[in-house]
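Have a look at the structure below before the remarks.
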Amino acid sequence: MNGGKSVAVFARKASGLVREASLLDTIFFGLMNNSVTVFTWYAISLGPYLFPGINMAISYLLAMFLSTVGFSFVWGILGSAMPRSGGSYVYNSRILHPAIGTAVSFCNACLVMTAWIWLLAPWIADPGLPILAGCMGMPPESVAWWTTPAGMYIVATIVNLLSFLIVTLGLRSYFRVQRVLVAWGLAACITSAIIFTVTPHAKFVALWNFYAEQYGCLSFEDAIKAVNEVFPIPETWNWQSTILGLYATTLCSIYGYIITFIGGEVKSPRRNIFLGQVLNVLISTGLSMWNALAFIKMVGWEGFHALGYIDNELPDWYTMPFPPTYLNIASMVCGLKPATGFFLGGSYLAMDFLFIPFSYIAFSRALFAWGMDNLGPRWFTDVHPRFHSPVKLLLTEFIVSQAAVTHYCFYPEILGYFMVETLQLVSAFGITAISCTIFPFRKKVKDIWEASPHKDWKIGPVPVATISGILALILIGILVYASYTPAYLIGMGLIWTLVYICSWILGFAWYFIWRWYRAKQGIDVTLAFKELPPE
């Protein structure tokens, strides 16, 4: 970019952001958000509970294929062609229309990222601390106060403040923390998979019965019978549950897209963004599948469904001193030893924690991108000269998210996760998949496509970008349908649908108001969307 045009159209001649993310940092950034440690719990617990009769092997293989060739290819191709920070905003505003790009970004970067902090910062306290205490063999009462509204608020506030400080010091500071915590999460996930793999079913049942007798709980056989009376366990698998169960098995594979928010800060972006997108999906899905299949081998088909029910319903007769998550079960098999329990249970807290600073990064990079295109106040593009981070935007998110955290702690809604995810699928992922599908054929971005490293990737006459976009849309359709299937989520779905519609309206309004305001200043912001913003 040079000449008067760039100065007039864009808020800065250069972004001020620095390319300091290596390939390993990029992969870990995707692994962080796919959070195999956290989402393996979801898959193993919610898979059989929401979709009884799910064939986890088939569902995971479908998840791996569609998430890789669909999701990761979509984000990898777009990110390699347009290596700028800001998330889907950069892609959708150039390929589709700037108003659509702004509305999607407003919804995803402002609403969704704040919603993740609203939800996941308090999760460090509950269910995080009970999981940790249970893994270490500590009584539930030892952490009970921290799961009260006041206790959750203190924990969530500390987590939120610490996250703000880490990202304020810049991406380099964040990456140091990320390397340690992601490595911990991966190591714990590998360890639990090994434990399940080498533990025979008979030994697991004997260990369960030993602790059940000690704590006055039902034996494993009686627990299965008790569950079967209120939650009929299917005799074998079925295709409907297996396909809809993608809602559970893709949780650890569709969120690596987050790499797109730091596209302008990745080294060798035209290579590393695509590799980072693909490799983080293969690693996280592979580890999660290994855990799930080994877990089923150890506990049995009926036990798999029974434990899913127990974890979500916690019936009165379940008196074990730990929630039956896969991490707690792995710790139980190892004898509930404090050191082993801290390693396994602490990995959940470590990976859950990383969601918070990442949300700050995503929020700030998206609004920074708006500012570069003159769709916001000038301070949106202020970058700290030492830390290379948009400190003012980060402080804005801290204030907003702290208000959200306060709301959750006193009015918790743990199932809110599902609707945040579901409508993010439609609003951010679906629109971006459409962008990738038509990217090769849009004349307005022909120069960008021709410079793309993937322009010659074709299957017959059809660009891989188009095929990947279609596959992503198919997966999104399945996941959205599956999310509205459980009856108890329908009411929440209606509420969150209205929230998202309002967010889209605000996003459209934001674009047109700023376009009008800049026009009064003699700046035609529409010219910005004919090219990429400066690096």
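Source: prediction; values computed, not measured. We're numbering straight along the sequence, starting at 1.
Checked against the 6.0 Å centroid threshold, Trp370 and Trp514 do not count as a close aromatic pair. The six-membered or imidazole ring of Phe508 lies near that of Trp504, with a centre-to-centre distance under 6.0 Å.
The shortest distance between side-chain heavy atoms of Leu31 and Val36 does not fall below 4.5 Å. Two residues are said to be in side-chain contact when any heavy atoms from C-beta on lie closer than 4.5 Å; Phe65 and Thr68 fail this criterion. In this structure, the side chains of Ile243 and Ile478 come closer than 4.5 Å at one or more pairs of heavy atoms. Side-chain contact between Leu169 and Leu165: absent, with no pair of heavy atoms (C-beta onward) separated by less than 4.5 Å. Taking 4.5 Å as the limit, some side-chain heavy atom of Ile448 sits within range of a side-chain heavy atom of Met82. Contact of the Phe358 side chain with the Leu120 side chain is not registered, since no non-hydrogen atoms from C-beta on lie closer than 4.5 Å. When side chains are defined from C-beta on, Arg365 counts as touching Pro390, because their heavy atoms get closer than 4.5 Å. Between Ile431 and Leu96, some side-chain heavy-atom pair lies under the 4.5 Å cut-off.
Of the charged side-chain nitrogens involved, none lies within less than 4.0 Å of a carboxylate oxygen, so that Asp524 and Lys530 do not count as a salt-bridged pair.
Taking the six-membered ring where the residue is Trp, Phe261 and Tyr257 present perpendicular rings, their angle passing 60° and hence far from 30°. Classification of the Trp510-Phe380 ring pair by plane angle, with boundaries at 30° and 60°, yields parallel. Relative orientation of the Tyr153 and Phe410 rings is tilted, given thresholds of 30° and 60° on the angle between their planes. Between His454 and Phe274, the angle of the ring planes lies from 30° to 60°, which puts this pair in the tilted group. Ring pair Phe439/Trp449 is perpendicular by interplanar angle, where above 60° counts as perpendicular and below 30° as parallel. Ring geometry for Trp118 against Tyr408 counts as perpendicular: the plane angle is over 60°, on a 0 to 90° scale with 30° as the lower cut.
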Report the C-alpha distance between Asp373 and Ser93 in whole Å, list the side-chain angles of each, state the deciding distance to 0.1 Å, and finish with yes or no for side-chain hydrogen bond (donor to acceptor under 3.5 Å, both in side chains).
-> CA-CA 10 Å; Asp373 290 337; Ser93 64; 4.8 Å; no

Derivation of the side-chain contact (heavy atoms from CB on, under 4.5 Å) call for Leu367 and Glu397 | CA-CA 11 Å; Leu367 271 65; Glu397 176 65 344; over 6 Å; no

Could you go through the side-chain contact (heavy atoms from CB on, under 4.5 Å) check for Asp126 and Met152 one step at a time?
-> CA-CA 7 Å; Asp126 186 18; Met152 274 201 298; 4.1 Å; yes

Worked check of side-chain contact (heavy atoms from CB on, under 4.5 Å) between Trp379 and Leu393 | CA-CA 8 Å; Trp379 61 267; Leu393 286 171; 3.8 Å; yes

Between Thr260 and Tyr91, does a side-chain hydrogen bond (donor to acceptor under 3.5 Å, both in side chains) hold up when you go through it step by step?
-> CA-CA 10 Å; Thr260 188; Tyr91 317 147; 2.4 Å; yes

side-chain contact (heavy atoms from CB on, under 4.5 Å) between Gln402 and Thr406: does it pass, once the steps are laid out?
-> CA-CA 6 Å; Gln402 188 59 29; Thr406 302; 4.2 Å; yes

Can you check side-chain hydrogen bond (donor to acceptor under 3.5 Å, both in side chains) on Thr325 and Asp311, steps first, answer last?
-> CA-CA 7 Å; Thr325 73; Asp311 190 23; over 6 Å; no

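To the nearest 0.5 Å, the span separating OG1 on Thr466 from CG on Leu471 amounts to 11.0 Å. Interatomic distance, CG of Asp382 versus OG of Ser389, reported as 11.0 Å (0.5 Å rounding). Taken from CG in Leu287 to CG in Asn34, the straight-line distance is 11.5 Å, to the nearest 0.5 Å. The CZ atom of Phe29 lies 6.5 Å from the CD atom of Gln178; values are rounded to the nearest 0.5 Å. Between the OG atom of Ser359 and the CD1 atom of Ile258 there is a distance of 7.5 Å, given to the nearest 0.5 Å.
No side-chain donor from either of Tyr348 and Trp123 sits under 3.5 Å from a side-chain acceptor of the other. In the model, Ser401 has a side-chain atom that pairs as donor or acceptor with a side-chain atom of Asn160 under 3.5 Å. Side-chain contact check for Trp75 and Thr432: no donor-acceptor pair (N or O, by modelled atom type) lies under 3.5 Å. There is no side-chain donor-acceptor pair under 3.5 Å between Tyr174 and Asp25. Side-chain atoms of Asp352 and Ser35 form no donor-acceptor pair, as typed in the model, at a separation below 3.5 Å.
Proximity of a side-chain donor or acceptor of Arg515 to a complementary backbone N or O of Thr526 within less than 3.5 Å is not detected. A donor-acceptor pair is defined here as one N or O able to donate and one able to accept, closer than 3.5 Å; no such pair exists between the side chain of Tyr360 and the backbone of Met113. With hydrogens and angles ignored, the 3.5 Å screen pairs no side-chain donor or acceptor of Asn92 with any backbone N or O of Ile100. Between the side chain of Arg84 and the backbone N or O of Pro533, at least one donor-acceptor pair lies under 3.5 Å. Panel note: side chain Ser288, backbone Thr285; no donor-acceptor pair is recorded below 3.5 Å. With Asn291 contributing its side chain and Cys189 its backbone, the two residues share a donor-acceptor pair below 3.5 Å. Using modelled atom types, no side-chain atom of Ser105 and backbone atom of Ala366 make a donor-acceptor pair closer than 3.5 Å. Not one N or O on the side chain of Thr242 forms a donor-acceptor pair closer than 3.5 Å with the backbone of Ile54. Remark: the backbone N or O of Gly376 is paired with a side-chain donor or acceptor of Arg518 at under 3.5 angstrom. Judged by distance alone, the side chain of Ser253 and the main-chain N or O of Met64 form no donor-acceptor pair under 3.5 Å.
Considering all non-hydrogen atoms of both residues, Ile254 and Ser67 come closest at CG2-OG, 3.8 Å. Closest approach of Phe368 to Val383, counting heavy atoms only: CE1-CG2, 3.5 Å. Nearest heavy atom pair, residue Tyr60 against residue Ala292, reads CE1-CB, 3.5 Å. When all heavy atoms of Ala81 and Leu532 are compared, the pair lying nearest together is O-CD1, 3.9 Å. For the residue pair Ile356 and Ala121, the shortest heavy atom distance occurs at CD1-N, 3.4 Å. For Thr249 against Ser59, the heavy-atom pair with the smallest separation is OG1-OG, 2.9 Å.
Within a 6.0 Å radius of CZ in Phe512, more than 12 heavy atoms belonging to other residues, nucleotides or ligands are found. For Arg172, the CZ atom is loosely surrounded, since the number of other residues' heavy atoms within 6.0 Å does not exceed 12. By the neighbour-count criterion of 12 heavy atoms within 6.0 Å, atom CD of Glu313 is densely surrounded, having more than that number from other residues, nucleotides or ligands.
Phe387 meets the ring pair (Phe, Tyr, Trp, His ring centres under 6.0 Å) test with His384; sequence neighbours excluded.
If you run side chain to side chain contact (heavy atoms under 4.5 Å, CB included) between Phe73 and each of Val281, Val464, Leu78, only Val464 comes through.
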